[in-house]
2 protein chains.
Amino acid sequence: MDQRTPLPKPRRSDATRATILQAARQRFAMDGYERATIRAIAADARIDPAMVMRYFESKEKLFSLAVEFDLRLPDLTAVPRDQVGAAMVGHFLDMWEADDTLQVLLRTGVTNDAAAERMRSIFAAQLAPMIVEFTGEPALAPNRAVLVGSQVLGMALCRYILKLPPAVAMSREEIVGWLGPTLQRYLTEKALSSR
Amino acid sequence: MDQRTPLPKPRRSDATRATILQAARQRFAMDGYERATIRAIAADARIDPAMVMRYFESKEKLFSLAVEFDLRLPDLTAVPRDQVGAAMVGHFLDMWEADDTLQVLLRTGVTNDAAAERMRSIFAAQLAPMIVEFTGEPALAPNRAVLVGSQVLGMALCRYILKLPPAVAMSREEIVGWLGPTLQRYLTEKALSSR
DNA sequence: GTCTATAATTCGATAGAC
DNA sequence: GTCTATCGAATTATAGAC
């Protein structure tokens, strides 16, 4: 397993908890659930492995706390209607590159059912309602949310997880330029166009 | 007396090998690399776990053989230019639902680097060249391949792996209707549109 | 070819001294 | 709170009898 820069050792217990949680998120994001061991997380946090168990009882509970966070979704009503697609692509790119909380879900949700359930919850309880508020029609919102999510998650998968060379090489402007119109259509098009 | 190369005699061991490989693909596709154990694969193939090791030497070599297959990509030159997006969506849907070979790559490529490298190889050696043959311009082909792949993989992730309820509920026609124009634009649009 | 037994690791989790 | 020692289970992999 690879070496990573150790985090500064804290003094207070609550700071210890935060340090462990941060190290856990990084490990889960990099290695997935199975390969992220308590021992490796403890080593990253520069703490004894037994302490991790003392603070979080079990690996499963540590994981559930590590993936418990609120998505900071943008306020779509604040941007012009014809720019909502591009704005959303830019916002999600910011989120993916800000920290590794989204990487945790993508890396673990594929094999861990708790993480997958967390993703389903995010789509249903956060993304879809925001789209309802934007479009005003609750009927198609779940479908629009999944369409937007599929394109955003797919690009994140190619760029940040699989690291496909062309996806890594693309600039932010290129990604916004290509994916913006796609999300624009998923968010605003009334119904399916005939072909 | 003439000497001729003898035909490969079909042995009993060949069928056993194939049975193990098929069971391995299913397990790797369902559980990912770590959680798919030799014991479980052997149980599925109704064979002794030691036999799996005898035939494939190690779990890693078994895995590398399990993800070695040729993608059957459609001949884009055979379909009308304005229907190429919809045709491609339909073709990929067929592939995803035909067997679990694509699920193996998606489920394991997230945490296993060998599978990720296999995916990068598929994009560079099969998908991109096919797009070059279709568009005639090699410059943008890697980007188009990644764009198409991101949307297709993203929808597969939501529908077949994460099983987001709206993605599972969508009909084949709906998916083709929404994703078709997206892939059409990724495949045919000359350059980025200004906004 | 087949299977039993087991080696060698690694992991999550626990007990208990200090 | 912290750490040492270790348990029990699960895993890949090997050795060898039949």
Side-chain angles (χ1 to χ4, degrees), chain A residues 1-4 6-67 104 107-108 111-115, chain B residues 8-28 30-67 107-108 111-115:
Chain A
M1 221 164 274
D2 58 341
Q3 196 79 15
R4 59 171 52 229
L7 300 168
K9 184 175 181 178
R11 298 179 186 176
R12 298 180 180 179
S13 58
D14 52 347
T16 303
R17 273 185 72 95
T19 304
I20 297 174
L21 260 182
Q22 186 179 354
R25 277 201 198 91
Q26 289 181 2
R27 274 290 164 186
F28 285 134
M30 266 190 45
D31 301 336
Y33 182 81
E34 280 79 18
R35 294 180 49 197
T37 65
I38 296 282
R39 284 169 168 82
I41 293 171
D44 291 347
R46 299 188 59 178
I47 207 175
D48 193 274
M51 293 304 293
V52 178
M53 302 302 297
R54 178 178 177 85
Y55 276 94
F56 296 93
E57 294 190 20
S58 71
K59 181 182 181 180
E60 203 170 323
K61 291 184 179 177
L62 170 62
F63 177 74
S64 70
L65 289 179
V67 297
V104 178
R107 190 91 69 170
T108 61
T111 50
N112 187 289
D113 196 59
Chain B
K9 183 179 179 181
R11 294 166 303 176
R12 216 166 106 90
S13 57
D14 291 332
T16 306
R17 273 183 73 94
T19 304
I20 297 174
L21 259 182
Q22 186 178 357
R25 276 201 199 93
Q26 289 180 2
R27 274 291 165 185
F28 284 133
M30 267 188 44
D31 301 336
Y33 182 80
E34 279 80 17
R35 295 180 48 197
T37 66
I38 298 281
R39 284 170 168 79
I41 293 171
D44 291 347
R46 292 201 184 88
I47 208 175
D48 192 273
M51 294 302 295
V52 178
M53 303 300 298
R54 179 180 175 86
Y55 277 95
F56 296 94
E57 294 190 16
S58 70
K59 180 181 180 178
E60 202 170 325
K61 291 184 179 178
L62 170 62
F63 177 75
S64 69
L65 288 179
V67 299
R107 189 90 68 171
T108 61
T111 51
N112 187 289
D113 196 59

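All values below were derived from every heavy atom in this structure, side-chain atoms included, with hydrogens, water molecules and symmetry-related copies excluded. Protein chains get the first letters and strands the later ones, always in sequence-line order, with residue 1 at the start of each.
To the nearest 0.5 Å, the span separating CD1 on A/I38 from CG on A/D48 amounts to 12.0 Å. Summarising the geometry, atom OG1 belonging to A/T108 is positioned 11.0 Å from atom CG belonging to A/D113; distances are rounded to the nearest 0.5 Å. Once rounded to the nearest 0.5 Å, the distance linking OG1 of B/T111 with CD of B/E34 reads 4.5 Å. Remark: B/M51 CE to B/F56 CZ distance equals 10.5 Å, nearest 0.5 Å.
When distances are taken from the side chain of A/M51 to each of D/dG1, C/dC11, C/dG1, the shortest belongs to D/dG1. Among the nucleotides D/dG1, D/dC3, C/dC3, the one closest to any side-chain atom of B/D48 is C/dC3.
A/I41 places its CD1 atom 12 Å from the C1' atom of C/dC11, with the value rounded to the nearest Å. For B/R54 and C/dT2, the CZ to P distance is 8 Å, given to the nearest whole Å. The separation between A/E34 atom CD and D/dT11 atom P is 12 Å, rounded to whole Å. When the P atom of D/dT11 is taken as reference, atom CG of B/D31 falls 11 Å away, rounded to whole Å. Atoms CD1 (B/I47) and P (C/dT2) sit 6 Å apart, rounded to a whole Å. Spacing between atom CZ of B/R27 and atom C1' of D/dT11 amounts to 15 Å, rounded to whole angstrom units.
For B/Y33, no side-chain nitrogen or oxygen approaches OP1 or OP2 of D/dT11 to under 4.0 Å.
Cation-pi geometry between A/K59 and A/Y33 is satisfied (NZ or CZ under 6.0 Å from the ring centre, within 45° of the ring normal).
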Pick out the pairs of N or O atoms, protein on one side and nucleotides 13-18 of chain C on the other, that lie under 3.5 Å.
unit_1: C/dA13; atom_1: OP2; unit_2: A/K59; atom_2: N; d: 2.8

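Side chain of B/R17 to backbone of B/Y55: a donor-acceptor contact under 3.5 angstrom is found.
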